[in-house]
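Have a look at the structure below before the remarks.
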Amino acid sequence: MLDIRLLREQPDAVKASLARAGVEPQLVDVVLGFDEQRRALLFEVEQLKALRNTTSKEISTLKDAAIRDAKIAEMRTVGDRIAILDKQVAEVEANQMAAILELRNLPHDSVPVGPDEEHNVVLQTIGTPRQFDFAPKPHWELGESLGIIDFERGVKISGSRFYVLKGMGSRLQRALIQWLLDLHGNQGYQEVYTPFVVKELSLWGARQLPKFRDNLYHDAEEDLWLVPTAEVPVTNLHRDEIFDASQLPIHYCAYTPCFRREKMSAGRDVRGIKRGHQFDKVEMYKFVHPDTSYAELEQLRLDAEESCRLLGIPYRTKILCTGDMGFASTKTYDIEVWAPGQNEWLEVSSCSNVESFQARATNIRFRAEAGAKTEFVHTLNGSGLGIPRTMIAIMENYQNPDGSITVPDVLRPYLGGIDTIQPYTRK
RNA sequence: GGAGAGAUGGCGGAGUGGUCGAUCGCGCUCGUCUUGAAAACGAGAGAACUAACGUUCCGAGGGUUCGAAUCCCUCUCUCUCCUCCA
């Protein structure tokens, strides 16, 4: 959520910034129109309340019944007027809030301008794609022939976009989660385990609502929502809290499954485990001092890249253009890994600075020094990493001609020391 | 699921219609004392909007009243006991 004062004081700068992201800027004027109405109403109603407060105190000291009754009668009409104005204020406020929540965050000046993903800029490509002396297979073929991914039974149990991992498939996923949490722990992120279902308020705080309502699973009976990313519970961890500056920065990592209805991408990426309704992810999240948030973003990106590097998978880093960035983000890096079997780059991480966008919506503040005015913290989030796509990259990059998969060195201790994934044999 | 109790400032806990944005204790900050610390003593401090005056906030929402932390209604949450369950 944007700062209303920023809109009030620098409307043209805000509009220009939104225009860079391809957003029609009229909404700014709508918000400001409500703001003006609201403040005019507040001015009137607050004066009346001041009058009522002083007069009410006066009434309690009045001895003369006639004067007293006259004052009470007078205040009764004032009270009626206040009730009407209060109602109007609430209405205008709700309209203003609804309008300002529609506004996306302002892109940082360093972000390239462009309408869509075609205008994202590749910053670096690390690692050389392996040269195969056989035709590399896509992971769905490898997974089925090894018996570690079962698509048909996933669909039987839960429908399309669900799959079952078996044997070493399941273990590989578990190993990846644990290895990533350990790695990020060593990078200074404190591990947290959060609920996987949240109240609606938490989704507003992480700014998933109102925009992504159609992508969320909702339990109507309990009015709870399945998390689409760990970002949601972790953002809300410190809702309504005020930090001392000395407590910042706070770095967390969290594993959660993520649940997404994927209504927007119906029919896309239906093959394999690239885009399921349920997938696992390890997420990194930071609460930081505003002065450091862009330096923290660079480090966040390096920390995510580190996991790709250690896995020995070719990857590239992109900076997203203004039109392709997420709603809440001011600057986003995507990290993509190479998947030779399906011949494409797969997004495994998205690292964003959202500045105070979520902190304002969740009321997370800090005090620069004792007695100082509170300020909103900046928050950042980055995947580290999305598990299924990382599994795809491992399977496709490390595949052997016989269909087996070599286990990356760093994961071997997490898989009982084995070096190759072979078809299951009963013990 | 059944029965009961409760929700007040960082924490504990007063406050049952006006003098309450709220007694007090702990904790916190600053000062005095001390080589330093502790102790003692003194002073200070809630949040939001506002240029300011002022307004709002005692779980949330609504109501009664000239006036509500205090009375009424609804909701949410927490705790205790029983039941059930990993």
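In what follows, every chain begins at residue 1, and chains take the letters A, B, ... in the order their sequences are listed.
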- What is the ring orientation for A:H277 with A:Y217, classed by angle as parallel under 30°, tilted 30 to 60°, or perpendicular over 60°?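 Correct class here is perpendicular.
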- Message: On RNA chain B, does the nearest nucleotide to A:K57 precede the nearest nucleotide to A:I242 from the 5' side, or the other way round? Give the residue.
- Response: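 Here A:K57 is the residue nearer the 5' end.
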- Starting from the 5' end of RNA chain B, give me the residue, A:I59 or A:R38, whose nearest nucleotide shows up first.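 Final value for this comparison: A:R38.
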- Message: Expressed as a whole number of angstroms, how long is the span from A:L48:CG to B:rU56:P?
- Response: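 So the two atoms are 11 Å apart, to the nearest Å.
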- Quick one: A:I82 CD1 to B:rC66 P, roughly how many Å, whole number?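 So the two atoms are 12 Å apart, to the nearest Å.
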For [X], which contact category applies under a 4.0 Å heavy-atom criterion: base, sugar-phosphate, or nothing?
X: A:K373; answer: sugar-phosphate
X: A:R52; answer: sugar-phosphate
X: A:T61; answer: nothing

- Under-4.0 Å side-chain N/O to phosphate OP1/OP2 contact, A:N53 with B:rG67: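 The answer is no; no side-chain N or O of A:N53 sits under 4.0 Å from OP1 or OP2.
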- Task: Could you tell me which nucleotide pairs with B:rA5 by Watson-Crick or G-U wobble geometry, both distances under 3.5 Å, or answer none if nothing does?
- Result: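 Pair assignment: B:rA5 / B:rU78.
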- Item | Under 3.5 Å on both distances, the Watson-Crick or G-U partner of B:rC53 |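 Its partner is none (no Watson-Crick or G-U wobble pair with both distances under 3.5 Å).
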- Task: Please lay out, stage by stage, how A:S110 and A:K331 fare under the test side chain to side chain donor-acceptor pair (under 3.5 Å).
- Result: CA-CA 8 Å; A:S110 62; A:K331 186 172 184 176; 2.9 Å; yes
